[in-house]
Engineer: 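Before I ask anything, here is the structure I am working with.
Residue numbering restarts at 1 for every chain, and letters A, B, ... go by the order of the sequence lines. FYI, side chains are in, hydrogens and waters are out, and symmetry mates aren't considered; it's all heavy atoms of this structure.
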Protein chains: 2
Amino acid sequence: MTNYTEKLRNSGLRPTKQRLQICEVLFDTEKTFHFTINELEQKIKDKTNNKISLATVYNTVHAFEKKGYLKQIPINSDQTYFDTNVTDHHHFYDLNEEKLIDLENSDVGPISIKRKINGKKIKSVEVLVKLED
Amino acid sequence: MTNYTEKLRNSGLRPTKQRLQICEVLFDTEKTFHFTINELEQKIKDKTNNKISLATVYNTVHAFEKKGYLKQIPINSDQTYFDTNVTDHHHFYDLNEEKLIDLENSDVGPISIKRKINGKKIKSVEVLVKLED
DNA sequence: ACACTTATTTAGAATCATTATAAACTACGA
DNA sequence: TCGTAGTTTATAATGATTCTAAATAAGTGT
Ligand SMILES: [Mn+2]
Ligand SMILES: [Mn+2]
Ligand SMILES: [Zn+2]
Ligand SMILES: [Zn+2]
């Protein structure tokens, strides 16, 4: 039941009814989660009686991603996956069930990148562990 | 100048003119490389006078992937990226130039995955290091 | 070489996630 | 309350990928 009005304003985003509703679906949860745009659209339908245009869902997700409230997960899928966990973290990807699972940082030993590229700095280091039966 | 006829036959793939040409473009190289379907199509045009249908390029890449001669790289892009380096290895991804760079195994320290999922086994462990200016 | 079967190629259509458009609506400061 | 810039929305456009079904080629047995 967080109030997102000020948070949005402080980010330079107007707190519209649609954005507030999407915030509730995305961030008023015990745990972080992974989703596609279509899954998010469904969650919005389930949680609210209000219809939000698909274009607005895309717009909002992209706006939130730009502000750092969401991030994309690099995975080969027909649809783009997003993550409400924006901390640096790793994933299991279950190939049979096509499901993503968060790894805690303590689940993966420290990773040392020994090579450097001139003029570039490391923004993130992410591990994807593929699982099969 | 490898002859791919037997290799294809041994994989249960008929050595057609199109597949042999695509093999030459993909595998007759000093170094392995990354490509999208469109980039591959262009390379084929450049290297041969023969026109290969786009559908055949897709079919062939998927057939080769299934046989383990190519693999997909998990990256967020409009187009799917493939890799002729099918060994387990890691990548730099230059966010500014949108370019993939292979990391040698010696460039990354050993990675220990401490968590296990019941009934699942690890198929691969891949690191994606994002770079920015 | 010939006939037969099955795999492959191909042009074009279909699919579908995503993005663009442009008009209506809304938040918000003056 | 006005004016403006930001936002929403239905709808169209885009473009990568997949599907279709007819033509062609490869493999097999004779
Ligand atoms: Mn894809
Ligand atoms: Mn995408
Ligand atoms: Zn995650
Ligand atoms: Zn690679």
Side-chain angles (χ1 to χ4, degrees), chain A residues 3-25 34-45 48-67 69-82 98, chain B residues 3-25 34-45 48-67 69-82 98:
Chain A
N3 186 277
Y4 295 100
T5 303
E6 277 314 306
K7 296 188 174 179
L8 287 168
R9 265 206 205 93
N10 293 338
S11 308
L13 298 171
R14 292 187 179 173
T16 63
K17 187 177 51 168
Q18 291 85 349
R19 282 176 178 162
L20 290 169
Q21 280 179 172
I22 293 175
C23 276
E24 285 171 23
V25 173
H34 309 126
F35 64 93
T36 64
I37 296 286
N38 286 318
E39 288 166 359
L40 177 57
E41 206 194 8
Q42 191 55 53
K43 279 201 179 195
I44 293 166
K45 274 184 199 154
T48 74
N49 297 317
N50 212 284
K51 185 179 171 286
I52 298 180
S53 156
L54 181 59
T56 299
V57 179
Y58 272 100
N59 289 342
T60 304
V61 165
H62 288 144
F64 287 2
E65 186 195 8
K66 201 171 197 174
K67 295 296 179 182
Y69 304 141
L70 291 174
K71 70 173 184 181
Q72 260 188 268
I73 306 173
I75 203 95
N76 290 319
S77 166
D78 299 336
Q79 286 168 257
T80 304
Y81 269 84
F82 292 91
E98 295 188 345
Chain B
N3 186 278
Y4 295 101
T5 304
E6 278 314 306
K7 296 187 176 182
L8 286 168
R9 266 204 206 95
N10 292 339
S11 309
L13 297 172
R14 290 186 181 174
T16 62
K17 187 177 50 168
Q18 291 87 346
R19 282 177 179 160
L20 290 168
Q21 280 178 176
I22 292 174
C23 276
E24 284 171 25
V25 173
H34 309 128
F35 64 92
T36 64
I37 295 287
N38 286 319
E39 288 166 359
L40 177 56
E41 206 193 7
Q42 192 53 54
K43 279 200 177 193
I44 293 165
K45 273 184 199 155
T48 74
N49 296 317
N50 212 284
K51 184 179 172 287
I52 298 180
S53 156
L54 180 58
T56 299
V57 180
Y58 272 99
N59 289 341
T60 303
V61 165
H62 289 144
F64 288 2
E65 187 195 8
K66 200 171 196 175
K67 296 293 180 185
Y69 303 141
L70 290 174
K71 70 174 181 180
Q72 262 187 268
I73 305 174
I75 203 95
N76 289 320
S77 166
D78 300 337
Q79 287 168 257
T80 303
Y81 269 84
F82 292 90
E98 295 189 344

Engineer: For B:Ile73 and B:Phe82, which heavy atoms make the closest approach, and how far apart are they?
Structural biologist: CD1-O, 3.9 Å
Engineer: Within this structure, what is the CG-to-P distance between B:Leu40 and D:dA16, rounded to whole angstrom?
Structural biologist: 14 Å
Engineer: Of A:Thr5 and A:Asn38, whose nearest nucleotide on DNA chain C comes first from the 5' end?
Structural biologist: A:Asn38
Engineer: Quick one: A:Lys17 NZ to D:dT8 C1', roughly how many Å, whole number?
Structural biologist: 10 Å
Engineer: Give a yes/no answer on whether the side chain of B:Ser53 brings an N or O atom under 4.0 Å of OP1 or OP2 in C:dA11.
Structural biologist: yes
Engineer: Indicate yes or no for a side-chain donor-acceptor contact from A:Glu39 to the backbone of A:Thr36 under 3.5 Å, with no hydrogens or angles considered.
Structural biologist: yes
Engineer: Between D:dT8, C:dT19, D:dT18, spot the one nearest the side chain of B:Tyr58, thanks.
Structural biologist: D:dT18
Engineer: Which one, D:dG27, D:dA16, D:dT9, comes nearest to the side chain of B:Pro15?
Structural biologist: D:dG27
Engineer: Does B:Gln18 place a side-chain N or O at less than 4.0 Å from the phosphate oxygens OP1/OP2 of D:dT24?
Structural biologist: no
Engineer: Among B:Glu6, B:Lys66, B:Lys67, find the one that has a side chain to side chain contact (heavy atoms under 4.5 Å, CB included) with B:Ser11.
Structural biologist: B:Lys67
Engineer: What I'd like to find out is whether the side chain of A:Glu41 reaches to under 4.5 Å of the side chain of A:Asn38, using heavy atoms alone.
Structural biologist: yes
Engineer: Between atom CD in B:Glu39 and atom P in D:dA16, what is the gap in whole Å?
Structural biologist: 11 Å
Engineer: Could you give the NZ-to-P distance, from B:Lys66 to D:dT18, as a whole number of Å?
Structural biologist: 12 Å
Engineer: Give a yes or no on whether a donor-acceptor pair under 3.5 Å exists between the nucleobase atoms of C:dT6, that is its base, and the side chain of B:Arg14.
Structural biologist: yes
Engineer: Nearest to the side chain of B:His62 - D:dT8, D:dT18, D:dC19?
Structural biologist: D:dT18
Engineer: Would you mind reporting whether A:Tyr69 and A:Leu8 have side-chain heavy atoms less than 4.5 Å apart?
Structural biologist: no
Engineer: OP1 or OP2 of D:dA10 versus the side-chain N and O atoms of A:Lys51: is any pair under 4.0 Å?
Structural biologist: yes
Engineer: B:Gln72 has an atom CD; how far is it from atom C1' of D:dT17, in whole Å?
Structural biologist: 11 Å
Engineer: Looking at B:Thr80, does any N or O in its side chain come under 4.0 Å of the phosphate oxygens OP1/OP2 on D:dT17?
Structural biologist: yes
Engineer: Write down the distance between CG (B:Leu54) and P (D:dC19), rounded to a whole number of angstrom.
Structural biologist: 14 Å
Engineer: Atom CG of B:Leu13 to atom P of D:dA25: distance rounded to whole Å?
Structural biologist: 19 Å
Engineer: What is the nucleic acid contact for A:Thr56, judged by heavy atoms within less than 4.0 Å: base, sugar-phosphate only, or nothing?
Structural biologist: base
Engineer: Just how far, in rounded Å, is P of D:dT24 from CZ of B:Arg19?
Structural biologist: 19 Å
Engineer: Considering only C:dT9, D:dT8, D:dT17, which nucleotide approaches the side chain of B:Asn59 most closely?
Structural biologist: C:dT9
Engineer: Quick one: on DNA chain D, does B:Thr16 or B:Gln79 contact a more 5' nucleotide (nearest heavy atom)?
Structural biologist: B:Gln79
